[in-house]
Amino acid sequence: METLMAFVVGVLYATAIYMILRRSIVKLVIGLVLLSNAANLLLFTSAGMTRGAPPLVPQGATVPAGVVADPLAQALILTAIVIGFGVLAFAVVLIRRAYEVVQADDMNQMKDTDT
Amino acid sequence: MNMQSLILRTAGQFILPLLLLFSLFLLLRGHNEPGGGFIAGLVAASAVSLHLFAMDTAAARRILLAAPRDLIGWGLTLGVVSAVPSIFLGEPFFTSIWFELTLPVLGTLKLGTPLFFDVGVYMVVVGSVLTIVLNLAEEH
Amino acid sequence: MSSSLSLTVALPILIPLLSGALSVAGWRSLRVQRGVALLGTAALLVASILLLHATWQADFLVMEMGNWPAPFGIVLVSDLLGAIMVLLTGITGFATAVYSLSTINERYSRFGYYPLMHLLLAGVNGAFLTGDIFNLYVWFEVMLVASFALLILGGERAQMEGAIKYVTLNLVSSAMFLSAIGLLYGLVGTLNMADIAVKLGEVEDTGLVTVISMLFLVAFGIKAAAFPFFFWLPASYHTPQVAVSALFAGLLTKVGVYSLFRVFTLVFSAAEPLTHTLLLWTAGLTMLTGVLGAAAQFEFRRILSFHIISQIGYMLMGLALAPLSALALVGGIFYIMHHIIVKANLFLISGLVFCLRGSYDLKQLGGLYREKPLLAMLFLIPALSLAGLPPLSGFFAKYIVIRAGVETESWWLVGTALVVGLLTLYSMIKIWAEVFWKAQPEDVDLTPPQTGSLVPLYLTIAGLAALTVCVGLFAQPVFELAERAAEQLLNPSLYIDAVLGGRA
């Protein structure tokens, strides 16, 4: 399973970088979405994949029963997804505004601030 | 933005209260079982978004009672404030504090600062998702 | 740890969060927001002074959030470097809040300038104080989201274009940071930086460790605008409101530098041959490209933006030479202290010039020495300090770093640093000659923008200039502070013991 996931992560990174390098801003944002997902999946995979119950301690016990999944990795990914969601929502609003101002979906039209 | 779909509008009227109730359920369930302020907030936000698609933005704003931006502000304040009481009890910041209330009919009610924090998170999530959604929807 | 001390560590994060929340709640009234901003940043400044004082006495302040013991919970750690950075944040934040009184009007506050400013300060302080690598990532993102929104406040074309580049490169950097954290967690199974430092020492697969450390180097290098990842900075920093530019120029890249300092002294070793060589080259090339870029510019804020890059080079030089000479690290820390104040001040001055004349273009400006001699003097102080003339703060900063370079016989780097210092002086003289000395060109027609009273602007600029002079005149105590901070960084076991309390 880990090997398969490693390939998926690799493909995601590759696709993301390809998309980011395109001239179109919409594709740039798609690339960023893929990139953040690739990073999340990498975090998930490298923390180790176990098939287990939710890590909750039953009433009266001091340790969880049976095999449990690592809660920390899941907490991290949840946080990362939330952050990614917020940032990408902003990016979408940004390209929309930029499109209205510049009237083009082309990075080559956005050279005003280059030096 | 108005899709003018009779089916969506009719179904929406039934689904909206259900979804809102479900989000409350998730919010309260969060402490001991999977759930919590964040996903409950998302469910509530999606309920309002559904209402927005079925009706219009004005209707969506009406069920919110407050402007989404204010929700962020008050939610954030509640979240920060809920972390503070522990300091007065000599515990590090963010330590959870529990207290029990005995209500006349209902029995005992256990309340704690994590609940207030979760409610704060809930408000921030609803507020921020809907700020973005409503802004994008109203641009048309 | 007693609760009052634990409060001291948390306050620099709590205060801006709370003032941010209050300022969202008081969204409708500009007066309320201004009041909250002034009070909030003043309280932050006081809290940061208290924190530095407490840290100076106790060496390390560690607070376990929610009473979860390290390494399981998230800890806030204040060592001297962190406390110094928090103090600098407090100074910059307060200065910006005063400055904003007359430059930020309804048009900007309506889009949330004030709440975002508080959020940015909270993010920056959080990054300086956290002892948990994933928490560092979270604070980075808090800071970034706030900075994205601040950057496009006003919504002009240049801002949109600058923001797209800024957002893209910073998101790429964040993704790398997150990937590095993922790999690190897979390798050592902990997120507490002190605990990581202990466990990394036991790891046998050094190849993977090198990969992770390089990912961190690139991720923080992008944030710090080090060569060759600096392109986003001159493309975006001259576009927003001046108060925002000053805040960014003072703080944001320095968070990247701080993270490099932290990670490459505590978690990884900068003495690793590959890291060391890379840092040396990066430092030299960052200095050089920054200053050469500035020489080609004729726009006030673009020149300053390029100079941020070249100054980052000096700080990195301090870090790069740290394994060979402790003095280098002292110099790096001193440099950060000097730089944040001076650079924020120069941006604020460019904004005052804009308020008076209505342009940032050097070719359209002129005659300000005759008209506003006081402003001209106030410009000279940070400008000459930036170039490194005695007795100002920049002289000592450069002197310590270069002295360390001489001690370690890194002649190429010393030569570069000296040449770059000279070119910085050239840039500053160019601004002086064009903006202040030459007569106002007659054929240009400029209309100054509508602003409130200019008194707050003068006050902030004069206050920061006075600080620069003080750091220069009383360099000895500042040096001692930097020296103790560097000592702590060079003995990571102190930090580890303070956090893990001998449990490791």
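Please read these numbers as outputs of a predicted model, since none were measured by experiment. Sequence lines set the chain letters: A, B, ... in the order given, protein chains first and strands last, and positions in each chain run from 1.
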Could you list the donor-acceptor pairs under 3.5 angstrom formed by side chains in residues 114-129 of chain C, with sequence neighbours left out?
unit_1: C/N125; atom_1: ND2; unit_2: C/P12; atom_2: O; d: 2.9

Quick check: are there more than 12 heavy atoms from other residues, nucleotides or ligands sitting under 6.0 Å from [atom1] of [X]?
X: C/W139; atom1: CH2; result: yes
X: B/R29; atom1: CZ; result: yes
X: B/I7; atom1: CD1; result: no

Where is the tightest heavy-atom contact between [X] and [Y], given as atom of each residue plus distance?
X: B/R69; Y: C/V24; result: O-CG1, 3.3 Å
X: B/V80; Y: C/L17; result: CG2-CB, 4.1 Å
X: C/A21; Y: B/G73; result: CB-O, 3.7 Å

